[in-house]
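In what follows, a single structure is set out as structure tokens and then discussed.
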Amino acid sequence: VVARARPLSSAELVQSNRSCLAFDAGGKALVLGKDRTFSFDAVYPPSASQESIYNEWVEPLVHGCFSGYNATVLAYGQTGAGKTFTMGSGDNSAKVDEEL
């Protein structure tokens, strides 16, 4: 299981919101608030590129499908958690507010 934190949205930045997440140095744990730690196979900060995550985790699954294996890539989380952003269709940085 891989976790990826999304960047703050424009609305969150305008409201001066801050991230409540911290990342361990080993890249395998996410700290929520002050003391709630969650472990994963890998954890990525908002600065991680779509391409690097795809290349490391998804591309091998796609190649496995062509070799006859089954694979699933699933984005799970509460509303606003970054599922659409992580799955590749959430880059709204070039859109004006009326388009969002």
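What you see below is based on every heavy atom in this structure, not just the backbone, and it leaves out hydrogens, waters and symmetry mates. Position 1 is the first residue of the sequence; numbering continues from there.
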Checklist entry - Do you know the tightest heavy-atom contact between Ala29 and Asp24? => result N-OD1, 3.0 Å
Checklist entry - Would you say Lys28's side chain and Asp41's backbone share a donor-acceptor pair under 3.5 angstrom? => result yes
Checklist entry - Around atom CG of Asn70, are there more than 12 heavy atoms of other residues, nucleotides or ligands at under 6.0 Å? => result no
Item to check | side-chain contact (heavy atoms from CB on, under 4.5 Å) between Tyr69 and Leu61, intermediate numbers included | outcome: CA-CA 8 Å; Tyr69 294 97; Leu61 297 175; over 6 Å; no
Checklist entry - How far apart are the closest heavy atoms of Arg6 and Pro46, and which atoms are they? => result O-CG, 3.6 Å
Checklist entry - Taking only residues two or more places apart in sequence or in another chain, which ones pass side chain to side chain contact (heavy atoms under 4.5 Å, CB included) with Ala22? => result Val31
Next on the checklist: Going by side-chain hydrogen bond (donor to acceptor under 3.5 Å, both in side chains), name the residues that satisfy it together with Asn17, two or more places apart in sequence or in a different chain.
Outcome noted: Gln15
Checklist entry - Side-chain heavy atoms under 4.5 angstrom apart, residues restricted to Ile, Leu, Val, Met, Phe, Trp, Tyr: same cluster for Phe66 and Val73? => result yes
Next on the checklist: For Leu8 versus Ser19, what's the shortest heavy-atom pair and its separation?
Outcome noted: CD1-N, 4.2 Å
Next on the checklist: If we check side chain to side chain contact (heavy atoms under 4.5 Å, CB included) with Glu12, which of these qualifies: Ser16, Ser9, Ser10?
Outcome noted: Ser9
Next on the checklist: Suppose clustering is done on Ile, Leu, Val, Met, Phe, Trp and Tyr with side-chain heavy atoms closer than 4.5 Å. Which residues sit in the same group as Leu30?
Outcome noted: Val1, Leu21, Phe23, Leu32, Phe38, Phe40, Val43
Checklist entry - So which heavy atom on Ser49 is nearest to which on Arg4, and how close? => result C-NH2, 4.2 Å
